[in-house]
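Values in this document were obtained by computation on a predicted structure and should not be read as measured data. Basis for what follows: all heavy atoms, side chains included, without hydrogens, waters or symmetry-related copies.
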Amino acid sequence: MDLDDTPQQAEYRANVRAWLQEHSAKAPVLTGPDALRDEDEIIAARRRWQGELAEGGLAGVTWPAEYGGRGLGPIEQVICNQEISRAKVPGILDVIGVGMLGPTIIAHGSEEQKERYLEPMLHGEEVWCQLFSEPAAGSDLAAVQTRATQLDDSSWRLTGQKVWTTNAQFASYGLLLARTDASVPKHNGLTMFIVPMDAPGVTVRGLRQISGEAEFNEVFFDDVQLDADANVGAIGSGWGTALTTLMFERITLGLGGEGLGYDPLRFARAIGAYESARTDSDVRQRLGDILAELTAVRFSGYRMLTGLQRGQIPGPEAGLAKVTIVNSGMAGGDLIADVLGPDALAKESEWTYMISFIPGLKSAGGTEEILRNTIGERVLGLPPEPRLDKGIPFEDLRAKEKEAAKT
Ligand SMILES: Cc1cc2nc3c(=O)[nH]c(=O)nc-3n(C[C@H](O)[C@H](O)[C@H](O)COP(=O)(O)OP(=O)(O)OC[C@H]3O[C@@H](n4cnc5c(N)ncnc54)[C@H](O)[C@@H]3O)c2cc1C
C-alpha cells in the first residue's frame with residue numbers, strides 16, 4: 001500500500017489547504033483565552049462555520065453532488081479531515097447528521113425526503129439527532145419499545161422515551177427507531193421515522209455530565225403526531241435502515257478519533273510538550289505506549305480506508321480502533337492528571353473536558369464489552385460467549401460445540 005498522495009489527491013489536498021488558509025479567520029475560537037464561552041453562541045458560531053465549510057465543499061465530501069456533496073471517496077474525506085485538523089479550526093458541528101443520518105436518508109429515504117432535508121442538514125441550518133437508544137435498549141438495540149401506531153388517516157402517533165440523545169437540545173429533526181409491530185420477532189417489527197423536534201408532545205431534558213456540559217438528553221414522546229410519509233424506508237424494515245446508520249458510525253469511528261470528538265494524536269503530542277514528558281522516564285514511557293497504540297490504529301485505519309475505496313463494507317475489526325482510541329484517551333487523561341496534578345482540572349485548564357468526557361465514550365457507539373466480544377469471535381475466531389440467557393450452561397455449550405465440530 002502506498003501511503004503517499006497520488007497526484008490527484010495531492011492537488012485536492014492543496015485546494016483544501018488553500019481554502020482553509022483563505023477562510024479560517026471566520027472559524028469560531030473554541031480553546032484558549034479568546035474562546036467563546038456562552039453555549040448558545042458557540043452553537044450558533046459552529047453552525048455558521050459548518051455553512052462556510054459546506055459552501056467550500058469541505059462538508060459532505062462523500063455525499064453525491066446532487067445533494068450538495070462533492071461525490072468524492074473516503075480518502076478525500078480523510079484528507080479533508082486532516083487538513084481541517086492541521087489548520088487548527090473546528091470541523092462541522094453536525095457530525096452525527098452529516099456523517100451518519102444523511103447517508104442513511106440518501107440510502108433509504110424517498111426523493112421528497114432527500115430534496116427537503118439534505119441541503120439544510122449539510123449547511124448546519126437544521127441540525128439532526130439520532131433517536132435510537134432507550135433506557136432498556138442500548139446494546140440490545142432491537143429491543144426498542146417506543147411505539148408508532150398508524151391511525152385511520154395513515155398518520156402516525158408516537159409514544160415512548162429515548163435517552164443519551166446527543167444534540168437533541170438544539171436539533172431540528174431526529175431520526176428515530178420505533179416499534180410498529182409488536183406481534184412479530186423483534187427485528188422485524190421496527191420502522192425508522194423522521195421526527196420534527198419542535199412537534200407538540202416532544203420534551204427534551206438535558207443530562208448534565210461530570211464535565212459540566214449537557215450534551216445529551218432524555219427525549220420523551222407523548223402522543224406525537226407524525227405525517228403518513230414520515231417513515232424512512234419501508235414499514236417493518238427499520239432494523240436494516242438502522243444497520244446502515246451503524247455502518248456509517250463504524251466508518252466515522254474506525255477512521256480515527258475526530259469522529260469521537262477529539263484528535264488523539266494531537267492530544268498525545270500536546271502532552272509531550274510538557275517539561276516532565278522530556279525529563280521523567282516514567283512519563284516518557286507512558287506517553288510512548290500511548291503514541292505507539294495510536295500510531296498502530298492510524299495504520300489499521302488506512303487499511304480500512306483502502307477497503308472502503310475498493311467498495312468493501314467495514315467489518316467488525318473497525319471496533320478495534322474505537323476500543324484502542326478510547327483507552328489511549330483515558331490513559332492520556334490519567335497521565336496529564338499525574339503530570340499537572342489538580343491543575344489538570346482547574347476551571348481554565350484545557351484538559352478538564354477531555355479528562356471527564358472520554359470515559360463516557362466507552363459506551364458510545366458500541367460498548368467496550370460488546371466490541372471486545374465481537375472482535376474476539378468474529379476477527380480472532382475465538383469460541384462464542386456462553387448463551388446463559390438461553391439457559392445453556394457453559395460446559396454444555398462447549399460440549400455442543402465440540403460435537404458440532406466433529407460432524
Ligand atoms: C457520549 C455518548 C453519546 C451518545 N449519543 C447517542 C445518541 O446520539 N443517540 C443514541 O441513540 N444513543 C446515544 N448514546 C447511547 C449509546 O449508543 C449507548 O450507551 C450504547 O448503545 C450502550 O447502551 P446502554 O448505555 O444502554 O448500555 P447497556 O447496553 O445497558 O450495557 C450496560 C453494560 O452491560 C454490558 N453488556 C450489555 N450487553 C452485554 C453482552 N451481551 N455481553 C457483555 N456485556 C454486555 C455493556 O458492555 C455495558 O458495560 C450515546 C452514549 C454516549 C456515552
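In this structure the side chain of V379 never reaches within 4.5 angstrom of the side chain of L320, judged on heavy atoms. Annotation: side chain of Q50 is not in contact with side chain of M121 (no heavy-atom distance under 4.5 Å). Counting heavy atoms from C-beta on, the side chains of S356 and Q209 never come closer than 4.5 Å. Between E317 and M304 the shortest side-chain heavy-atom distance does not fall below 4.5 Å. In this structure, the side chains of T245 and L177 stay at 4.5 Å or more apart for every pair of heavy atoms. Put simply, the side chain of L131 reaches to within 4.5 Å of the side chain of M197, judged on heavy atoms. Here the side chains of T165 and V204 are not in contact, with every heavy-atom distance at 4.5 Å or above. Within the 4.5 Å cutoff, no side-chain heavy atoms of K26 are placed close to those of R48.
Looking at every heavy atom in both residues, A143 comes nearest to A136 through CB-O, 4.0 Å. Taking all atoms of both residues into account, the shortest heavy-atom contact from S155 to Q225 is OG-NE2, 3.6 Å. Of all the heavy atoms in A321 and V297, the pair that sits closest is CB-CG1, 3.9 Å. A pairwise comparison of heavy atoms in L175 and W128 identifies N-CE3, 4.2 Å as the closest pair. Contact record, R179 with K186: NH1-O, 3.1 Å, taken as the closest heavy-atom pair. Scanning both residues, Y173 and P196, for their nearest heavy atoms gives CD2-CA, 3.6 Å.
Here the CG-CZ distance, from L305 to R303, works out to 12.5 Å after rounding to the nearest 0.5 Å. Separation of atoms CZ (F132) and CG (L101) is listed at 6.5 Å; rounding is to 0.5 Å. A distance of 6.5 Å separates CD in E52 from NE2 in H23, rounded to the nearest 0.5 Å. Atom CD1 of I79 is separated from atom CG of N15 by 11.0 Å, given to the nearest 0.5 angstrom. For the atom pair L361 CG and T367 OG1, the distance stands at 13.0 Å (nearest 0.5 Å). To the nearest 0.5 angstrom, I43 atom CD1 is 10.0 Å from D38 atom CG.
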Begin from the C-alpha positions of Y12 and C80 and carry the test side chain to side chain contact (heavy atoms under 4.5 Å, CB included) through to its verdict. CA-CA 9 Å; Y12 176 72; C80 185; 3.8 Å; yes
Step-by-step side chain to side chain contact (heavy atoms under 4.5 Å, CB included) determination, V29 to L36: CA-CA 6 Å; V29 179; L36 293 170; 5.7 Å; no
Yes or no on side chain to side chain contact (heavy atoms under 4.5 Å, CB included) for L141 and L246, after CA distance, side-chain angles and deciding distance? CA-CA 11 Å; L141 181 61; L246 298 179; 4.1 Å; yes
Evaluate side chain to side chain contact (heavy atoms under 4.5 Å, CB included) for L58 paired with L20, printing each intermediate quantity in order. CA-CA 9 Å; L58 276 67; L20 284 164; 3.9 Å; yes
Apply side chain to side chain donor-acceptor pair (under 3.5 Å) to residues E134 and T146 and explain how you reach the verdict. CA-CA 8 Å; E134 296 184 3; T146 294; 2.7 Å; yes
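Environment of CD in E39: sparse, with no more than 12 heavy atoms of neighbouring residues, nucleotides or ligands closer than 6.0 Å. Within a 6.0 Å radius of CZ in R378, other residues, nucleotides and ligands contribute 12 heavy atoms or fewer. Counting non-hydrogen atoms of other residues, nucleotides and ligands closer than 6.0 Å to CD1 of I210 gives a total of 12 or fewer. Sparse packing is recorded around CD1 of I313, with 12 or fewer heavy atoms of other residues, nucleotides or ligands lying under 6.0 Å away. Other residues, nucleotides and ligands place no more than 12 heavy atoms under 6.0 Å from the CG atom of D152.
Within the 3.5 Å criterion, the main-chain N or O of I96 finds no donor-acceptor partner in the side chain of Q130. A donor-acceptor pair under 3.5 Å is formed between the side chain of T352 and the backbone N or O of A346. Formation of a donor-acceptor pair under 3.5 Å by the W63 side chain with backbone atoms of V98 is found in this model. Remark: the backbone N or O of R250 is not paired with any side-chain donor or acceptor of K322 at under 3.5 angstrom. Judged by distance alone, the side chain of K162 and the main-chain N or O of F221 form no donor-acceptor pair under 3.5 Å. Between the side chain of S237 and the backbone N or O of G240 there is no donor-acceptor pair closer than 3.5 Å. Side-chain N or O atoms of R205 include none that pairs as donor or acceptor with a backbone N or O of E218 at under 3.5 Å. R46 places a side-chain N or O within 3.5 Å of a backbone atom of I92 that can act as its donor or acceptor partner. Remark: side-chain polar atoms of Q113 are paired, donor with acceptor, to backbone N or O of D229 under 3.5 angstrom. In terms of modelled atom types and a separation under 3.5 Å, the side chain of R147 and the main chain of T159 share no donor-acceptor contact.
Side chain to side chain, E368 and N327 meet the donor-acceptor criterion of an N or O pair below 3.5 Å. Inspection of the Q77 and N81 side chains reveals an N or O donor paired with an N or O acceptor under 3.5 Å.
Between F299 and Y302, the angle of the ring planes goes over 60°, which puts this pair in the perpendicular group of the 30/60° scheme.
E119 pairs by the salt bridge (charged side-chain N to carboxylate O under 4.0 Å, His left out) definition with nothing, not counting sequence neighbours. Listed by chain and number, the residues in a salt bridge (charged side-chain N to carboxylate O under 4.0 Å, His left out) with R286 are D282, D338 (sequence neighbours excluded).
Sequence neighbours left out, not one pair with a member in residues 89-99 passes side chain to side chain donor-acceptor pair (under 3.5 Å).
A side-chain contact (heavy atoms from CB on, under 4.5 Å) with T180 is found for exactly one of N231, T191, T149, namely T191.
Ion pairing between E111 and K114 holds under the 4.0 Å rule for side-chain N and carboxylate O. Salt bridge status for E112 with R116: absent, with no side-chain N to carboxylate O gap under 4.0 Å.
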